[in-house]
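Proteins come first, then strands; the chains are lettered A, B, ... in the order of their sequence lines, and each starts at number 1.
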Number of protein chains: 2
Amino acid sequence: MYLSNSLSTLELLKKNKIKATPQRIAIYNMLVNTKQHPSVDIIYKSLKKDFPSMSLATIYKTVDMFKEAGLIQELKDASSTNRYDANIQPHPHLICIKCNRIDDLEMDLPFSEDIISTINDTTNYTILYSQICLYGYCPDCKMKERK
Amino acid sequence: MYLSNSLSTLELLKKNKIKATPQRIAIYNMLVNTKQHPSVDIIYKSLKKDFPSMSLATIYKTVDMFKEAGLIQELKDASSTNRYDANIQPHPHLICIKCNRIDDLEMDLPFSEDIISTINDTTNYTILYSQICLYGYCPDCKMKERK
DNA sequence: CTGAGTGCAAAACATTTGCACTTGT
DNA sequence: ACAAGTGCAAATGTTTTGCACTCAG
């Protein structure tokens, strides 16, 4: 089971001082068990069967809270819709500009801590996190596409 | 003048088989003359004095067409609003998560052609372009922020 | 002259908000 | 018990669309 060697979702939320409601546990579990980088709407549809009355607003509030707590990361697909990832390790994303599918790229991050420090020094920004997005056609859309 | 050594906007549009309307010329000129990565709304407000009847829809259609033609690049600020840049050289962006200001980072792109080829081969994606976004506080917001 | 472009208003979405009701601790 | 969370509906903000009018080539 996915939690065998780690905290249960309940414990994780408590550890982060987040009140553990069934909805929040379900949302986190869904995110941690998929590689699909789901949108709020996908989360909503996916949990609909277990929580028929769950509202989109709850999911928006929840993912926002998880993001603030650093439990998940937010990214945007090619059409700008927010997508969520329970893998909080910075890692490049492959984004299909046709179907909006998002995959992870297994690769080292080009921005080391050193580089971030240099950027902070030279630009006067305070960089907190970075994202690398590679846009193009996914394997499926590549075949259908002729341009 | 900014065009002294290059094509006029009129010529550039014609070269790209884009019908050169006054609106399109004005939008492109505005983008090429700023480092601010403006949003559609900013472009709209900025051109309002010269084109009082210009509509937002025209600007949306125009930037989309320019993007498809490869004349500008689109990026998204921290709140997801689309922003535009007439500098089509891939370059990392610094994005303020408080005021949504976007600056360019003068730095080499970590993704060389070689790396893109490798990614294309190993992932079966066809990568067309990439974006590197560094999120944090800009110099102005850094000072105001206390957290 | 004619198809492409523009402006307007309405529509379509994604996301946020206010508030009464419910629930975890 | 009570502050915090949820669900609903309405509001907001951005982007898209349909269509009659206009204009660049």
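- Looking at which nucleotide of DNA chain D each of B:A20 and B:K61 is closest to, the 5′-most match is held by B:K61.
- The two residues A:A86 and A:I72 make their nearest non-hydrogen contact at CA-CG2, 4.0 Å.
- B:R83 has its CZ atom 11 Å from the P atom of D:dT14, to the nearest Å.
- Within the structure, every side-chain polar atom (N or O) of A:T21 is placed at least 4.0 Å from both OP1 and OP2 of C:dT23.
- Looking at heavy-atom distances under 4.0 Å, B:D41 makes no contact with the nucleic acid at all.
- Side-chain atoms of A:N29 and A:T9 form a donor-acceptor pair, as typed in the model, at a separation below 3.5 Å.
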Query raised in the report: Could you walk me through whether A:R83 and A:D85 pass the salt bridge (charged side-chain N to carboxylate O under 4.0 Å, His left out) check?
Result: CA-CA 7 Å; A:R83 307 281 291 259; A:D85 189 347; over 6 Å; no

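- At the phosphate of D:dA24, neither OP1 nor OP2 sits under 4.0 Å from any side-chain N or O atom of B:R24.
- C:dG5 atom P lies 14 Å from atom CE of B:M54, rounded to whole Å.
- As a whole-Å value, the separation of A:K14 NZ from D:dA4 P is 17 Å.
- Taking only side-chain nitrogens and oxygens, B:Q23 never comes nearer than 4.0 Å to OP1 or OP2 of D:dC23.
- A straight line from CD1 of B:I43 to C1' of D:dT15 spans 13 Å, rounded to a whole angstrom.
- For the pair B:N100 CG and D:dT14 P, the interatomic distance rounds to 10 Å; values are reported in whole Å.
- Proximity note for B:T81 (side chain, C-beta onward) versus C:dT25, C:dC8, D:dT14: the nearest is D:dT14.
- A:P22 comes within 4.0 angstrom of the backbone, heavy atoms only, and of no base.
- Using modelled atom types, no side-chain atom of B:T81 and backbone atom of B:D77 make a donor-acceptor pair closer than 3.5 Å.
- One N or O on the side chain of A:Q73 and one on the backbone of A:N87 form a donor-acceptor pair closer than 3.5 Å.
- Residue A:N82 places at least one side-chain N or O closer than 4.0 Å to OP1 or OP2 of C:dT15.
- The side chain of A:S53 places an N or O atom within less than 4.0 Å of a non-bridging phosphate oxygen (OP1 or OP2) of D:dG7.
- To the nearest angstrom, P of C:dC8 lies 12 Å from CD1 of B:I59.
- Rounded to an integer number of Å, the gap from CZ of A:F51 to P of D:dC8 is 14 Å.
- For A:L56 and D:dA9, the CG to C1' distance is 12 Å, given to the nearest whole Å.
- Residues A:M30 and A:L56 fall within the same hydrophobic cluster, defined by Ile, Leu, Val, Met, Phe, Trp and Tyr side chains chained together at heavy-atom separations under 4.5 Å.
- For the pair A:S55 and D:dC8, the criterion of a side-chain N or O lying under 4.0 Å from OP1 or OP2 is not met.
- Listed pair B:S80 / C:dA14 fails the phosphate criterion, with no side-chain N or O lying under 4.0 Å from OP1 or OP2.
- Here A:Y60 reaches the OP1 or OP2 of C:dT15: one of its side-chain N or O atoms lies under 4.0 Å away.
- Of the two residues near DNA chain D, B:S39 and B:K19, the one whose nearest nucleotide lies more 5' is B:S39.
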